[in-house]
Trainee: 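Okay, here's the structure, questions in a sec.
Fair warning: this is a prediction, and the values are worked out from it, not measured in the lab.
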Amino acid sequence: MDKRDKDQVLAVVAGEEITNSDLDAFLETAPNEHSAYVANPKYREAYLEQLINLRAFAKLGEEMKLEETDEFKKIMESARKDILAQMAMTEVIKDVTVTEDEIQKYYEENAEEYTEKETVRARHILVSDENQCNKILEMIMSGEKSFEECAKEYSTCASSAAYGDLGTFGKGEVVKEFEDVAFAAELGVIYGPVKTDFGYHIIRVEEKRPAYLLPLVDVKEEIAGRVKKDKQAAVYNEKLEELREKYLQK
């Protein structure tokens, strides 16, 4: 919005104007999960109604002279201290910056965190009987039927609908007996029967991707945020220790 839009009067409550700028400030208090709807006219209208209602009750509070009560003064003093504390915390950490060297150092020291694990993509055929598994294997090896045809026709796994395609998976995502064969397998070679608690498998690995370190450029922003947060926490804790030593009566 431009300056004129910000100043546009949306409502007047007891002689006090509510502008687009006031509504924008009020919308900043909306829950984070509502942030995607802030620009929606109906959403803004609903929040405007809430703001009008609050201003109306505030005016009622003035007329009832609630500002003169001890309860109001106690709440305001507590709010004053909370606001001062938040502003002081912001001041303490505002000058914290992150250097390129710090980003590089964090990246190198936490390489495992930014390493994509080794994965394979495989198809399989699952049946409950070893003899049946061997017969299916013979059909595939002789060329009588393709692996995909057999997966579709005989496999008891839900992946049969996708001709046995299990998609891509990493270590720890499938049972160990299956994993051991899949990760040691040569591309395109058919293995079986492989026994697991689920039954007997015929396995063919179609793709392999070795573990690899994500490029720094892809994770730089995330690392910068983490390093900055850690440094801010260190500055905050150091200042807090100093303040407790200074102000806390023992």
Trainee: Nearest 0.5 Å, what's the NZ-CG distance between K6 and L23?
Mentor: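 Going from NZ on K6 over to CG on L23, the span is 9.5 Å.
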Trainee: Are side-chain heavy atoms of T168 and V120 found at a separation under 4.5 Å?
Mentor: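 Side-chain contact under 4.5 Å: no.
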Trainee: If you count the non-hydrogen atoms of other residues, nucleotides and ligands that lie under 6.0 Å from CD in E112, is the total more than 12?
Mentor: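 12 or below, so no.
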Trainee: Show your reasoning for whether side-chain hydrogen bond (donor to acceptor under 3.5 Å, both in side chains) applies to E108 and Q104.
Mentor: CA-CA 6 Å; E108 292 173 357; Q104 182 68 41; 2.8 Å; yes
Trainee: Could you give me the CA-CA distance, side-chain angles and deciding distance for D24 and S21, then say whether side-chain hydrogen bond (donor to acceptor under 3.5 Å, both in side chains) is met?
Mentor: CA-CA 5 Å; D24 287 340; S21 181; 5.8 Å; no
Trainee: With side chains defined as the heavy atoms from C-beta onward, is the minimum distance between E238 and E241 less than 4.5 Å?
Mentor: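 No, too far: nothing below the 4.5 Å cut-off.
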Trainee: Of I103, D230, I223, which meets side-chain contact (heavy atoms from CB on, under 4.5 Å) against V98?
Mentor: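 The residue from I103, D230, I223 that satisfies side-chain contact (heavy atoms from CB on, under 4.5 Å) with V98 turns out to be I103.
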Trainee: Quick one: sort the H201 and H124 rings into parallel, tilted or perpendicular, breaks at 30° and 60°.
Mentor: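 Parallel, since the angle between the ring planes stays under 30°.
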Trainee: Show your working on side-chain contact (heavy atoms from CB on, under 4.5 Å) between Y106 and E109 and close with a plain yes or no.
Mentor: CA-CA 5 Å; Y106 187 95; E109 292 179 351; 5.9 Å; no
Trainee: Step by step, work out the salt bridge (charged side-chain N to carboxylate O under 4.0 Å, His left out) result for E62 and K59.
Mentor: CA-CA 5 Å; E62 290 177 4; K59 186 62 179 178; 3.5 Å; yes
Trainee: Would you indicate whether E33, at its atom CD, is surrounded by more than 12 heavy atoms from other residues, nucleotides or ligands within a distance under 6.0 Å?
Mentor: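 Atom CD in E33 is packed in, count exceeds 12.
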Trainee: With a 4.5 Å cut-off on side-chain heavy atoms, are T99 and V227 touching?
Mentor: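 No, every pair of side-chain atoms sits at 4.5 Å or beyond.
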Trainee: Start with the C-alpha gap between I203 and F178, add the side-chain angles, then the distance that decides, and say whether side-chain contact (heavy atoms from CB on, under 4.5 Å) holds.
Mentor: CA-CA 8 Å; I203 302 170; F178 193 104; 3.6 Å; yes
Trainee: Looking only at heavy atoms, what is the nearest atom pair of P193 and E130, with distance?
Mentor: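 Taking P193 first and E130 second, the nearest heavy atoms are CG-CG, 4.4 Å.
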Trainee: Looking at every non-hydrogen atom in both residues, tell me the closest pair between A185 and V205 and how far apart they are.
Mentor: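 Minimum heavy-atom separation between A185 and V205: CB-CG2, 3.7 Å.
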Trainee: Do K220's NZ or CZ and the ring of Y107 fall within the cation-pi criteria of under 6.0 Å and 45°?
Mentor: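 K220 over Y107 ring: no.
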Trainee: Could you grab the distance from atom CD of E45 to atom CG of L10, nearest 0.5 Å is fine?
Mentor: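 Rounded to the nearest 0.5 Å, the CD-CG separation comes out at 10.5 Å.
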Trainee: Apply the salt bridge (charged side-chain N to carboxylate O under 4.0 Å, His left out) test between R123 and each candidate in E149, E207, E148; give the one that qualifies.
Mentor: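 That would be E148; it is the only one of E149, E207, E148 passing the salt bridge (charged side-chain N to carboxylate O under 4.0 Å, His left out) with R123.
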Trainee: Going by heavy atoms in the side chains, are K117 and E173 under 4.5 Å from each other?
Mentor: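 When only atoms from C-beta onward are counted, E173 and K117 do touch, with a gap below 4.5 Å.
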Trainee: For a salt bridge (charged side-chain N to carboxylate O under 4.0 Å, His left out) check, start with the C-alpha distance between K231 and E102, then their side-chain angles and the critical distance, and finish with the verdict.
Mentor: CA-CA 11 Å; K231 291 182 69 176; E102 287 172 328; 3.0 Å; yes
Trainee: Looking at every heavy atom in both Y154 and K145, which two are closest together, and how far apart are they?
Mentor: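 The answer is OH-NZ, 3.1 Å.
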Trainee: Run L48 and I18 through side-chain contact (heavy atoms from CB on, under 4.5 Å) and show every step you take.
Mentor: CA-CA 9 Å; L48 175 60; I18 296 177; 4.0 Å; yes
Trainee: Heavy-atom distance under 4.5 Å between the side chains of C133 and I202, does that happen here?
Mentor: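 In contact.
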Trainee: Working note: E206 + L166, criterion side-chain contact (heavy atoms from CB on, under 4.5 Å); need CA distance, chi angles, decisive distance, verdict.
Mentor: CA-CA 10 Å; E206 304 194 332; L166 289 171; over 6 Å; no
